[in-house]
Amino acid sequence: MSKRAYFVTTPIYYISGNPHIGHAYTSIAADVLARYHRTLGPTFFLTGTDEHGQKVEQAAREAGFDPQAWTDALIPKWKALYAAYDVGYDDFIRTTETRHTTQVVAVFERLKETGDVYLGTYEGWYCTNDETFWLESKLIDGRCPNPECGRAVQWLSEENWFFALSKYRDRLVAYYRAHPEWVRPERAYNEMMSTLEGGLDDLCISRVNLDWGVPLPGGGVMYVWLDALLNYLTALDYASDGERFRTFWPPNVQLIGKEIARFHTIIWPAVLFALGLETPNVVFAHGWITLEGEKMSKSRGNVVDPFELVERFGSDTIRYFLLREAHFGSDFSFGEEKVRLRRNGDLGNDLGNLVKRSLAMLARYRNGRIPAAAPSALGARFADLGARTGALVERLAFRDALEAVWEFVTALNRAIEEQKPWELHKRGDDAALDAVLYDLCEGIRWLAHLTFPFMPATARGMWTQLGLAGEPAGAWSDELVWGRLASGAQTAPAEAALFPRLDASVA
RNA sequence: GGCUCGGUAGCUCAGCGGUAGAGCGGGGGACUCAUAAGCCCUAGGUCGCAGGUUCGAAUCCUGCCCGAGUCACCA
């Protein structure tokens, strides 16, 4: 059974401001999937930035920059976010790159040829101040409904390009019915299905009153959302039928925030239908991080700075927290005290202390050398742990996966209490002592593999302390076989704890 | 307003037709290898409210109350 190549994407992030914790959240989840799948076969993890559109242009002008110079200046900060959280993407695409814009135009031409893109007239009430078309029904006393504007609107009629979205409505409905799990979680699927049942209008995909976008032949620029969606194709060299495209299309998992589900689960598959391409296996709309139950927003002044956070707690602690605290599809409330409790509890007391006490006893009783393996009840009991955890990761059930791993952590701690190596040593029961110590080392090796996608730095730390070279790699089904840890090797326990205790003043 | 999702032990949540569960916090205990960590024991909550279906309902149906989301941009 050959394992197909794995392709995972995040949305390309709209670069109108600085990155925040939500961007880190999505990126970390994608990174976990990518790291896990790299143990199984060829994997491609794509992310990037969405740099066109009115808001970016406006922000740039206000800062006294030309839009390109402005986005160029912001990019390092975005890339720094990935570095800070150990997110290892395979490609980072910017919609202002030539490789993207040329392909966008090629797609546009192709859709014109198939008749899915046509020239039409866009009419509506337009507010020049907001540069927005408003529906008649939204107007308040015939004026702009934006409470901060309220200016008079004018009837405008523009010639524009349209995408024949309505034509694909029935096919989308049929597709949804045939693939009930293609949009997840179920909540998102249901919402999008009801949107579809409400009917679809064709989509205006060009903007004549905007300069900052991909220029279309004959004038105007492409609607920023279509431009953005196409990144998933252009990054793979779709237009030239590149090697990447042939290897990795279609995406296995596309992660999105729930607010952009409509674009990714209605417009996007319709575009792919029009292009005659396969659709993604799964579009997963994850939940929002709220702060003490409230939505984060600049106006509330409760935005969590991801850089400050990682500096205080460390990348692995935040990565673990974000994926362990709530189910991936649900919203959850962020709080620094919660982070601290996870850090000191799960990570410090359970995992970090387990590694430290195990290797300390090995050093004290066996000069740090890994003893010979013996038949192990523990190994037998957890024989399916790799398979179970892997299945959960593949389903994006990160929380359940980590819970499964922590059951193992608890079992190892319990094994120490039950076997009491210190008593075995006093009693001179060498066989029993060797057996426990081996189990502990082998357990730590397993934990290094299992935690690697989630906490790469910590996993490497455990690996190195066991005296192993490199880093945890290879499929769990091959590596998580009890007894693979070679005996006789010299361990290298670290002086420093994996997760030093943080007192309340830190958080 | 339409639609969606929630309301279960102090907190975060699981359970989703068969006499209430986990983790954390709190309380108690025995130990000492370890980051005053770990391990063991301990939670008596009318499962939002009111009806209904059923031999039997957190679990299905109806109504109501409360909270959140979504229907325009936003991970």
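Only heavy atoms go into these numbers, but all of them, side chains included; no hydrogens, no water, no symmetry mates. Sequence lines set the chain letters: A, B, ... in the order given, protein chains first and strands last, and positions in each chain run from 1.
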5′-ward residue of the pair A:Arg399/A:Tyr365 relative to RNA chain B: A:Arg399
Which value, in whole Å, describes the distance between the P atoms of nucleotides B:C47 and B:U19? 16 Å
Shortest side-chain distance from A:Trp422, nucleotide among B:C39, B:U35, B:U32: B:U32
A:Ile256 CD1 to B:U70 P, in whole Å, measures 13 Å
What contact category does A:Pro11 fall into here, base, sugar-phosphate, or nothing, at under 4.0 angstrom with non-hydrogen atoms? sugar-phosphate
Checking understanding here: a glycosidic angle within 90° of 0 is syn, the rest anti, so what is B:A9? anti
Distance, P atom - from B:C55 to B:G48, rounded to whole angstrom: 25 Å
Same-atom distance (P) from B:C49 to B:A57, integer angstrom: 15 Å
Output, in order, the C-alpha distance, side-chain angles, deciding distance and verdict of salt bridge (charged side-chain N to carboxylate O under 4.0 Å, His left out) for A:Glu403 and A:Arg324. CA-CA 8 Å; A:Glu403 261 172 10; A:Arg324 174 66 182 77; 3.7 Å; yes
Side-chain contact check for A:Arg187: nearest option of B:A75, B:C5, B:U35 is B:C5
At under 4.0 Å, does any side-chain N or O of A:Arg357 touch on OP1 or OP2 of B:U35? no
Could you give the distance separating B:G45 and B:C11 at their C1' atoms, to the nearest angstrom? 14 Å
Does any donor atom in the side chain of A:Asp346 or A:Tyr320 lie under 3.5 Å from an acceptor atom in the other side chain? yes
Closest approach to the side chain of A:Asn413, judged atom by atom: which nucleotide of B:A75, B:C39, B:U35 is it? B:C39
Presence of A:Asn349 side-chain N/O under 4.0 Å of B:U35 phosphate oxygens OP1/OP2: no
Rounding to an integer number of angstrom, what distance separates B:G56 and B:C24 when you compare their C1' atoms? 34 Å
Whole-angstrom distance between B:A43 and B:G28, as gauged at atom P: 15 Å
Of the options B:U35, B:G38, B:C73, whose atoms approach the side-chain atoms of A:Glu417 most closely? B:G38
In whole Å, measure the gap between the P atoms of B:U12 and B:C33 for me. 40 Å
How far does the C1' atom of B:U32 sit from the matching atom of B:U42, given to the nearest Å? 23 Å
Answer yes if the side chains of A:Tyr176 and A:Thr265 hold a donor-acceptor pair under 3.5 Å, and no otherwise. yes
Shortest side-chain distance from A:Glu191, nucleotide among B:U4, B:C24, B:A75: B:U4
Could you please name the option among B:A75, B:U35, B:C33 that lies closest to any side-chain atom of A:Met361? B:C33
Touch class at under 4.0 angstrom, heavy-atom based, for A:Asn344 against every strand present: nothing
Return the nearest nucleotide to the side chain of A:Arg414; candidates are B:C39, B:A37, B:A34. B:C39
Contact under 4.0 Å: A:Arg262 side-chain N or O vs B:C71 OP1/OP2: no
Of the listed nucleotides B:C73, B:U32, B:U35, the one nearest the side chain of A:Lys426: B:U32
Using a heavy-atom cut-off of under 4.0 Å over every strand shown, decide if A:Thr410 touches base, sugar-phosphate, or nothing. sugar-phosphate
For A:His425, answer base if it contacts any base atom (sugar-phosphate contacts may also be present), sugar-phosphate if it contacts only those atoms, and nothing otherwise; contact means non-hydrogen atoms under 4.0 Å. nothing
So does A:Trp225 get a side-chain nitrogen or oxygen closer than 4.0 Å to the phosphate oxygens (OP1/OP2) of B:C74? yes
Describe the nucleic acid contact of A:Gly22 in one word from base, sugar-phosphate, nothing, applying a heavy-atom distance below 4.0 Å. base
Out of B:C33, B:G38, B:C3, which has the shortest distance to the side chain of A:Arg364? B:C33
With distance as the sole criterion, is a donor-acceptor pair present between the side chains of A:His52 and A:Tyr14 under 3.5 Å? no
Checking ring pair (Phe, Tyr, Trp, His ring centres under 6.0 Å) against A:Trp268, which of A:Tyr232, A:Trp182, A:Tyr175 comes through? A:Tyr232
Output yes when at least one side-chain N/O atom of A:Lys55 is less than 4.0 Å from OP1 or OP2 of B:C73, else no. no
